[in-house]
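Inspection log for the structure reproduced underneath, given as structure tokens.
The chains referred to below are lettered A, B, ... by the order of the sequence lines, with proteins before strands, and numbering in each begins at 1. We use all heavy atoms of the structure for the numbers below, so side chains are in, but hydrogens, waters and symmetry mates are not.
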Amino acid sequence: NFVLTQPHSVSESPGKTVTISCTRSSGSIASNYVQWYQQRPDSAPTTVIYEDNQRPSGVPDRFSGSIDRSSNSASLTISGLKTEDEADYYCQSFDRIMDVFGTGTKVTVL
Amino acid sequence: QLQLQESGPGLVKPSETLSLTCAVSGGSISRTTYYWVWIRQPPGMGLEWIGSIFYTGSTYYKPSLKRRVTMSVDTSKNHFSLKLTSVTAADTALYYCARRYIVTHRFDPWGQGTLVTVSS
């Protein structure tokens with residue numbers, strides 16, 4: 001089993017950039033795809049990044065994903081921050097037997 | 001467009017069994033490229049994967065829940081189900097069903113979720 005650890009919260013002003021990390025406790029972050037989900041209040045999560053760095057249609061290119069083998073972590077970057085980006089964000093990955101969600105990060109747009 | 005809809009009792013007594021069904025519409029549950037999953041979210045907390053099932057009935061469960069969880073699929077009705085036995089207050093959560101891509105493990109789309117409260 002492994003854990004995906006995210007910062008509890010991040011905050012930034014509109015127009016700025018935030019980066020959320022997702023660190024895998026064991027096993028290589030590069031071995032299995034990482035997804036990122038956005039969850040607004042009282043709504044089900046939706047995909048903003050899949051397969052490490054792919055954006056679903058309809059997700060603005062202000063959202064980007066990456067993998068860093070040296071820190072064994074994935075990152076979600078939101079540039080040109082908008083008030084509508086205020087939400088909880090979860091990373092997700094898997095191993096041979098199970099899926100795991102990250103601990104979640106609350107993004108606040110000041 | 002594929003849609004998923006959870007249904008089941010919103011209140012379950014401690015020590016009893018939680019039973020939920022996820023109806024899939026707009027596509028066949030028998031596609032070979034997807035698994036079907038249950039995920040839950042306790043109030044104010046994060047997401048927890050419970051388990052996944054293929055249309056053939058092959059399953060994967062979260063190890064810590066495995067003893068209490070059973071998932072099943074009914075291809076004739078295009079739905080899949082979750083049973084969780086011996087529930088406690090810790091099982092109170094919003095329960096989501098979702099489709100999982102077989103290779104990438106992407107969960108998409110999700111149902112709207114159904115709140116299950118464990119209380120006497």
Side-chain angles (χ1 to χ4, degrees), chain A residues 1-9 20 22 24 26-27 29-59 65 67 74 76 87-107, chain B residues 1-7 20 22-24 33-54 58-67 69 71 82 93-116:
Chain A
N1 294 357
F2 65 95
V3 175
L4 296 172
T5 301
Q6 301 178 230
H8 184 259
S9 63
I20 304 167
C22 170
R24 181 165 173 157
S26 62
I29 192 72
S31 295
N32 307 102
Y33 286 120
V34 176
Q35 274 70 235
W36 289 91
Y37 302 93
Q38 177 191 69
Q39 186 179 31
R40 294 193 174 108
D42 300 318
S43 295
T46 59
T47 309
V48 292
I49 293 290
Y50 66 98
E51 294 179 20
D52 298 341
N53 55 19
Q54 302 299 302
R55 271 189 319 277
S57 60
V59 173
I67 297 293
L76 172 69
D88 294 325
Y89 291 84
Y90 295 90
C91 60
Q92 172 254 326
S93 191
F94 58 99
D95 65 12
R96 188 177 53 85
I97 62 169
M98 63 184 289
D99 285 272
V100 176
F101 285 98
T103 51
T105 299
K106 181 175 182 59
V107 171
Chain B
Q1 181 180 351
L2 193 83
Q3 292 185 315
L4 296 92
Q5 179 67 58
E6 306 88 350
S7 62
L20 296 174
C22 180
V24 179
T33 48
Y34 305 114
Y35 269 74
W36 304 92
V37 304
W38 287 98
I39 295 156
R40 68 181 182 179
Q41 184 172 35
M45 297 180 66
L47 300 167
E48 178 184 28
W49 171 77
I50 298 171
S52 304
I53 188 165
F54 198 52
S58 175
T59 55
Y60 292 92
Y61 300 139
K62 183 174 183 176
S64 61
L65 296 173
K66 188 173 183 178
R67 185 178 53 83
V69 171
M71 293 177 62
L82 170 71
L94 193 55
Y95 284 77
Y96 294 102
C97 59
R99 178 180 67 177
R100 195 209 89 187
Y101 288 63
I102 197 166
V103 173
T104 67
H105 287 233
R106 171 187 175 185
F107 299 137
D108 199 314
W110 298 53
Q112 66 184 25
T114 187
L115 179 63
V116 179

Legend entry - Option in P63(B), S52(B), G51(B) with maximal non-hydrogen atom pairs under 4.5 Å from chain A: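 Between P63(B), S52(B), G51(B), the count favours P63(B).
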Legend entry - Residue pair Y96(B) / P45(A): nearest heavy atoms and the distance that separates them: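 Taking every non-hydrogen atom into account, CZ-CD, 4.0 Å.
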Legend entry - Nearest heavy-atom neighbours spanning G111(B) and A44(A):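 Closest heavy-atom pair between G111(B) and A44(A): O-CB, 3.3 Å.
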Inset, instruction - Would you check if the distance from the ring center of F101(A) to the ring center of F107(B) is below 6.0 Å? - result: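 Distance test on ring centres: under 6.0 Å, yes.
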If you round to the nearest 0.5 Å, how far is [atom2] of [Y] from [atom1] of [X]?
| X | Y | atom1 | atom2 | answer |
| --- | --- | --- | --- | --- |
| L47(B) | T103(A) | CG | OG1 | 11.0 Å |
| M45(B) | D88(A) | CE | CG | 13.0 Å |
| Q39(A) | Q41(B) | CD | CD | 4.0 Å |
| R100(B) | Q92(A) | CZ | CD | 9.0 Å |
| D108(B) | Q35(A) | CG | CD | 9.5 Å |

Legend entry - Residue, of D52(A), T47(A), N32(A), that accumulates the most heavy atom pairs under 4.5 Å with chain B: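 Top option by heavy-atom pairs under 4.5 Å: T47(A).
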Inset, instruction - Tell me, out of D99(A), V34(A), V100(A), who's got the most heavy-atom pairs with chain B below 4.5 Å. - result: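 The candidate making the most pairs under 4.5 Å is D99(A).
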Legend entry - Min side-chain heavy-atom separation M98(A)-S64(B) under 4.5 Å: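 No, every pair of side-chain atoms sits at 4.5 Å or beyond.
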Legend entry - Within 6.0 Å of OH in Y60(B), more than 12 heavy atoms from elsewhere: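 No, because the 6.0 Å sphere around OH of Y60(B) holds 12 heavy atoms or fewer from other groups.
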Inset, instruction - Heavy-atom distances under 4.5 Å only: say whether L94(B) touches chain A with side chain, backbone, both or neither. - result: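 Neither part.
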Inset, instruction - Using the side-chain contact (heavy atoms from CB on, under 4.5 Å) rule, pick out the option among F94(A), Y50(A), Y33(A) that qualifies with H105(B). - result: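 Checked F94(A), Y50(A), Y33(A) against H105(B); only one passes side-chain contact (heavy atoms from CB on, under 4.5 Å): F94(A).
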Legend entry - Interchain contact, S43(A) with chain B, by part (heavy-atom threshold 4.5 Å):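 For S43(A), the contact with chain B is made by the backbone alone.
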